[in-house]
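Below: the structure, in structure tokens.
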Amino acid sequence: MITVVIGGGTMGAGIAHLLLAGGHEVVLAESGAERVTAARAAVEASLAKAAARNRLDRSPEDLLKALTVVEQLADVPAELVVEAVPEDVELKRRVLATAANACPDAVLASNTSSLSITELARGLPGERVLGLHFFNPVPVQQLVELVHHDGLAPEVAAKARGWVEDLGKTVIEVRDAPGFATSRLGVAVGMEAIRMLEDGVASAEDIDTGMRLGYGWPMGPLRLTDLVGLDVRLAIAEHLAAELGPRFAPPELLRDKVARGELGRKTGRGFFTW
Ligand code: CAA
């Protein structure tokens with residue numbers, strides 16, 4: 001089947017990798033020649049890592065034959081579109097509207113980690129709009145949240161669930177509520193860890209080691225915030241604070257670090273130095 005992925009950043013490239021490995025033909029859309037080149041390179045790098053771990057049935061070169069990276073989305077007979085552009089409601093709405101025209105029969109999925117699917121679906125054919133929330137790193141993380149809004153057709157949800165399961169992922173179904181099931185809990189722990197650091201309860205290293213060895217997390221909440229991006233987590237926390245109340249209000253330390261450009265792994269510094 002043909003699947004369109006919009007946005008070639010960390011998540012979009014990971015989703016493209018997953019789809020290629022699952023036998024989809026993938027059209028990956030990015031804006032601007034430089035980003036198109038970077039998006040292809042990101043998919044290639046991700047496939048190379050998987051190949052180095054013997055996690056692919058076919059060679060990256062073979063899988064990449066089914067990848068087209070485009071600057072502009074023209075008519076594509078895709079069955080599924082997954083948008084993975086930055087967490088900005090208006091941008092996502094624009095991108096989904098373009099996809100609804102270019103791919104008139106496709107199921108339209110957003111990879112948003114917290115924005116309202118109801119709001120994203122407004123003005124679109126809502127019966128075929130849903131959330132498919134993947135996790136970073138996409139080829140490795142087992143979960144996908146399938147997010148329902150009131151207008152979603154049950155047969156579309158069932159079809160999307162089947163596609164995701166065919167990719168080897170486990171699906172949980174979640175009502176359209178702020179932060180869904182996972183971002184809400186993940187951000188709650190992440191914000192509390194930052195407040196504990198502010199309060200001098202323990203060092204960043206020891207807070208993380210506590211959750212790794214005491215609770216079996218693969219990495220601690222502060223290192224995870226570095227991986228996700230402090231700016232990304234700040235935006236989600238602000239959204240959750242507005243929707244769910246001040247218990248999600250981002251700590252000052254997080255705001256300060258973002259203002260200083262310490263965004264985590266991608267800038268070389270966050271709660272840790274990378
Ligand atoms: N395909 C592609 N890349 C792969 C891969 C595969 N099959 N298997 C591993 N890799 C990558 C890893 O991502 C990692 O990449 P970097 O070199 O860029 O760090 C690298 O190969 C090393 O992998 P290892 O398995 O050797 O390393 P590890 O054992 O330290 O595991 C990890 C790394 C998978 C990231 C692990 O620490 C982990 O699971 N951490 C928790 C991640 C997590 O919680 N993710 C959710 C984030 S929240 C989110 O995504 C939601 C949101 O909306 C914000």
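Each ligand, and each atom within it, is numbered from 1 in the order the structure gives. Note that the numbering runs from 1 along the sequence shown for the chain.
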Need the ligand 1 atom indices (1-based, order shown) with element for anything under 4.0 Å from a heavy-atom of [X].
X	answer
R265	16 (P), 18 (O), 19 (O)
P218	38 (C), 39 (O), 40 (N), 41 (C)
S113	52 (C), 53 (O)
V140	4 (C), 5 (C), 6 (C), 8 (N), 9 (C), 10 (N), 34 (C)
F135	49 (C), 50 (O), 51 (C)
H17	1 (N), 2 (C)
S46	1 (N), 2 (C)
V228	47 (C), 48 (S), 54 (C)

task = Just go through N136, V187, T225 and tell me whose heavy atom is the nearest to atom 42 (C) of ligand 1.
result =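 Considering heavy atoms of N136, V187, T225, the nearest to atom 42 (C) of ligand 1 sits in N136.
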
ask   = Under the 4.0 Å line, does any protein heavy atom show up next to atom 46 (C) of ligand 1?
value =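 Yes.
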
key: Heavy-atom protein neighbour under 4.0 angstrom from atom 7 (N) of ligand 1   =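 It does: a protein heavy atom is found less than 4.0 Å away from atom 7 (N) of ligand 1.
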
Whether E145 side chain and V147 backbone form a donor-acceptor pair below 3.5 Å =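 No, because the side chain of E145 does not come within donor-acceptor range (under 3.5 Å) of the backbone of V147.
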
At a 4.0 Å cut-off, with the gap strictly under it, does some heavy atom of [X] reach an atom of ligand 1?
X	answer
H133	yes
R223	no
R233	no

query = Where is the nearest protein heavy atom to atom 16 (P) of ligand 1: which residue, which atom, and how far?
reply =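 In this structure, atom 16 (P) of ligand 1 has K49 NZ, 3.3 Å as its nearest protein heavy atom.
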
task = Look at atom 43 (C) of ligand 1 and say which protein heavy atom is nearest, naming residue and atom and giving the distance to 0.1 Å.
result =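 Of the protein heavy atoms, L224 CD1, 3.5 Å lies nearest.
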
query = Do the numbers put R223 on top of the ring of F271, so that NZ or CZ is under 6.0 Å from the six-membered ring centre and no more than 45° off the axis?
reply =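 No, cation not above the ring by the 6.0 Å, 45° rule.
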
